[in-house]
2 protein chains.
Amino acid sequence: MTTIREVSKIAGVSVATVSRTLSMPDKVSLKTQKKVQSAIAQTNYKPNILARNFRTRKASTIVVLVPDIANPFFSRVIRGIEQTAQKLGYAILLGDTQGLREREYTYANMVKTSQADGIIQLDCHMPFADEQDAKKFPIINVCDCMKNSDIPTIQLDNVAAAKEITEHLIQLGHQKIGLIHGPKDSVITKDRIKGYSQAIKKANLSFDQSIIVEGDYSVNSGAQAAYNLLKASALPTAIFCFNDEMAIGAIHQIKEMGFKIPEDISVAGFDDNSFAEYSDPPLTTVSQPAEDFGSRAMSMIYDVINDNEIGTTNIFLPYKLINRKSTAAIKKD
Amino acid sequence: MTTIREVSKIAGVSVATVSRTLSMPDKVSLKTQKKVQSAIAQTNYKPNILARNFRTRKASTIVVLVPDIANPFFSRVIRGIEQTAQKLGYAILLGDTQGLREREYTYANMVKTSQADGIIQLDCHMPFADEQDAKKFPIINVCDCMKNSDIPTIQLDNVAAAKEITEHLIQLGHQKIGLIHGPKDSVITKDRIKGYSQAIKKANLSFDQSIIVEGDYSVNSGAQAAYNLLKASALPTAIFCFNDEMAIGAIHQIKEMGFKIPEDISVAGFDDNSFAEYSDPPLTTVSQPAEDFGSRAMSMIYDVINDNEIGTTNIFLPYKLINRKSTAAIKKD
DNA sequence: TTGAAAGCGCTAACAG
DNA sequence: CTGTTAGCGCTTTCAA
């Protein structure tokens, strides 16, 4: 492997000049630059970035902690992160944690060992065993965000969004609105349930725990949850699912059990994934700017890293209710 | 930041001993180990991995080149890569290339600059401008693989799989089988078209270019392609789509235009994604072991890196035809 | 089993 | 504008 030293010898300059030609060419005379460039071309020299990173104490790398890379919503967020990272000269270390704390710690450790400059956490956990570490290392929280932490945050107003979609259902005349929610310990889940409750309460409807079931965001779990919901005694006339995957699973199961959508049961989702529009019937849902989440998160961690200002910033990104055919006014009996 | 030097002073040993305690404890007496461990705990020392990697000339990092991270099939492959990487002590640098050569080169450059030890390429391009580089740097090709290259490969027998699904359609009595294929320059596309042709030819059916259209693997493009197919004069009685996303888009569009599936038109997909089973009707498709692809690819690149044996190995993973309700025997008129 | 010392390839004062 | 030089924090001979 060619090193900077060999290039310097061939070019007849010092290593410092080669280094400068590479990172601050404006401080090197054009004539010298040419000599260096020629030596570089001649030797096919590639700077050892590992050495550079070590020397400059910057890994130029960000760890992204994602609960499940196979979830299309998260993939889109990551795509946004990656695009902005590339523009800013950062690389992305992917940490698929599967929601396991242990793996979060392992990956978060990379920032302690200088392998990464910062962390973007897509889940609502503190990825450090020691909470104090969150103040020492650049970290930002996006999508499913912790409450009451000082970590900068980019998120949706999930309470408001869930409230709005529930109200949409209530306006259509639904009084028994079932819920297929996500994992109970997620802040997103809690917030959306809160928004749902607020709408229910505001409309003087009763909050019925028996038509609220849990899923895991998979299509599969949506179908299973719908089955449980429809087997029970108190049949809902509408079901709000916390993502489109579960909604599509639910729709399948509901039709399977002989109900019509939206005539018998309305179904709403969340995310507006690429299938929502093509589901049968097309899915009423809430769209979120997934790529923007990622892009903003990356910009923010960049600022945190480079200004060392680990402040508390909370950004809310807009959502939009997408009204399609899977929800309709309740049937008059 | 604490360094190895400070730890060594506190423990009253040399830096070499601290280093050994960390990476080859069996070469250090238990008594000394205890002293060192205590000093480490006391100072909250974290070794600078950047320095270690630099010194040992190993980044312990693999670049993964993926055309589109938001494609669930690729996400699954990446999940497989990541899981095995973690077991082997490697981290994953994510390179979402969007199919752009330029971005492939940028990321592939990381292996030239010692930032990564190897490359896993999910697309059928050589990510180096200079073909010779493929012999110099560890690289393996998975999923959509180049032909006639010496790069080790893990793939599906796409010719056979496409042939099998086409024959399934032919056995059901279909004689005019449309195709919604992927991007033309992809080897996967070429192979599947080849398998399709083989089946067509074998059954003495005519190969009709007018019922073969291109999509880009998105749900959207599937719907658009189906529209074009059904607007044309020669209506196919079956359509084979090169992934499930396009199949689901096509199904939507076909129903929209008043045809029944599978009564009027049969539709088959590829991948067996998580929606296939819940589509209406449930999708006949080909399942592939996505996570296995990733896992095997990671194991293979590990071997290549550590043995320096950059040989030509080609592995084929099994597929399986999943027969659901979107395909059926052709209607007798 | 341990320590001393060299040095990985690069950047960044500092001096000229 | 350019060169000299001193390390960054770690691993790894080599010798004890």
Side-chain angles (χ1 to χ4, degrees), chain A residues 1-40 43-61 89 109-117 306, chain B residues 1-40 43-61 89 109-117 306:
Chain A
M1 218 188 53
T2 325
T3 70
I4 198 170
R5 171 140 271 108
E6 303 171 50
V7 174
S8 76
K9 274 185 191 143
I10 292 179
V13 299
S14 71
V15 290
T17 299
V18 177
S19 176
R20 282 190 206 104
T21 305
L22 255 29
S23 32
M24 22 184 188
D26 39 316
K27 292 214 175 295
V28 178
S29 80
L30 232 68
K31 205 176 132 201
T32 313
Q33 278 189 54
K34 283 224 178 81
K35 283 195 291 186
V36 173
Q37 292 298 1
S38 143
I40 287 176
T43 54
N44 196 24
Y45 167 71
K46 297 284 173 189
N48 183 328
I49 304 289
L50 229 46
R52 176 185 293 171
N53 288 348
F54 165 52
R55 179 58 232 243
T56 58
R57 301 151 176 288
K58 303 204 304 180
S60 292
T61 292
N109 209 37
M110 298 181 100
V111 81
K112 296 186 182 176
T113 58
S114 309
Q115 287 176 97
D117 301 322
N306 291 286
Chain B
M1 218 189 53
T2 324
T3 70
I4 200 171
R5 170 141 271 107
E6 303 172 49
V7 174
S8 76
K9 275 185 192 145
I10 292 178
V13 299
S14 72
V15 291
T17 299
V18 177
S19 175
R20 283 190 204 104
T21 305
L22 255 29
S23 34
M24 21 185 188
D26 38 316
K27 293 217 173 292
V28 178
S29 79
L30 231 70
K31 204 175 134 203
T32 312
Q33 278 189 52
K34 284 226 177 78
K35 282 195 293 187
V36 172
Q37 291 297 3
S38 141
I40 287 176
T43 55
N44 195 24
Y45 168 70
K46 297 283 172 190
N48 182 328
I49 304 289
L50 228 45
R52 174 185 294 171
N53 288 348
F54 165 52
R55 179 59 232 245
T56 58
R57 300 152 175 288
K58 303 202 307 180
S60 292
T61 291
N109 209 37
M110 298 181 100
V111 81
K112 297 186 182 177
T113 58
S114 308
Q115 287 176 96
D117 301 322
N306 291 286

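Not measured: the values here are computed from a predicted model.
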Subject >> Separation of atom CZ in B:R5 from atom P in C:dA5, rounded to whole Å >> reply: 11 Å
**OP:** Can you sort out the partners of B:T113 under side-chain hydrogen bond (donor to acceptor under 3.5 Å, both in side chains), two or more places apart, ordered by chain and number?
**Re:** B:Q115
Original post:
Can you name the residues that form a side-chain hydrogen bond (donor to acceptor under 3.5 Å, both in side chains) with A:S23, not counting sequence neighbours?
Top reply: none
Original post:
In chain order, what residues pass the side-chain hydrogen bond (donor to acceptor under 3.5 Å, both in side chains) check against B:T61, with sequence neighbours excluded?
Top reply: none
**OP:** Start with the C-alpha gap between A:T3 and A:N48, add the side-chain angles, then the distance that decides, and say whether side chain to side chain contact (heavy atoms under 4.5 Å, CB included) holds.
**Re:** CA-CA 8 Å; A:T3 70; A:N48 183 328; over 6 Å; no
Subject >> Partners passing side-chain hydrogen bond (donor to acceptor under 3.5 Å, both in side chains) against A:S8 (at least two apart in sequence or in another chain) >> reply: none
Original post:
To the nearest 0.5 Å, what is the distance between CZ (B:F54) and CG (A:N53)?
Top reply: 11.0 Å
Original post:
So which one's nearest nucleotide on DNA chain C is more toward 5', B:V13 or A:N48?
Top reply: B:V13
Could you run down the sub-3.5 Å N/O contacts of the protein with nucleotides 11-14 of chain C?
| unit_1 | atom_1 | unit_2 | atom_2 | d |
| --- | --- | --- | --- | --- |
| C:dT11 | OP1 | A:R52 | NE | 2.6 |
| C:dT11 | OP1 | A:R52 | NH2 | 3.4 |
| C:dT11 | OP2 | A:S19 | OG | 2.6 |
| C:dT11 | O2 | A:R55 | NH1 | 2.4 |
| C:dA13 | N6 | A:R20 | NH2 | 3.4 |

Subject >> Test side chain to side chain contact (heavy atoms under 4.5 Å, CB included) applied to B:R55 - qualifying residues, sequence neighbours left out >> reply: none
Original post:
So does A:K9 have more than 12 non-hydrogen atoms from other groups sitting under 6.0 Å from NZ?
Top reply: no
**OP:** Identify, with sequence neighbours excluded, every residue that meets side chain to side chain contact (heavy atoms under 4.5 Å, CB included) alongside B:R57.
**Re:** none
Original post:
Between which nucleotides of DNA chain D, read 5' to 3', does contact with chain A run, using atoms under 4.0 Å from its heavy atoms?
Top reply: D:dC1 to D:dG9
Original post:
Does B:T43 have any side chain to side chain contact (heavy atoms under 4.5 Å, CB included) partners at least two apart in sequence or in another chain, and if so, which?
Top reply: B:T2, B:V7, B:I10, B:Y45
Original post:
What residues form a salt bridge (charged side-chain N to carboxylate O under 4.0 Å, His left out) with B:K112, not counting sequence neighbours?
Top reply: B:D133
Original post:
So, do B:F54 and C:dC8 meet the stacking rule of ring centres under 5.5 Å and planes under 30°?
Top reply: yes
Original post:
Taking only N and O in the side chain of B:S14, is any of them less than 4.0 Å away from OP1 or OP2 of C:dG3?
Top reply: yes
Subject >> Nearest-Å distance for atom pair CD1/P, residues A:I40 and C:dC10 >> reply: 10 Å
**OP:** Rounding to 10 degrees, work out the angle separating the end axes of the helix from C:dT1-D:dA16 to C:dG16-D:dC1 (five pairs an end).
**Re:** 30°
Original post:
What is the distance, rounded to the nearest whole Å, between atom CG of B:N53 and atom P of C:dC10?
Top reply: 16 Å
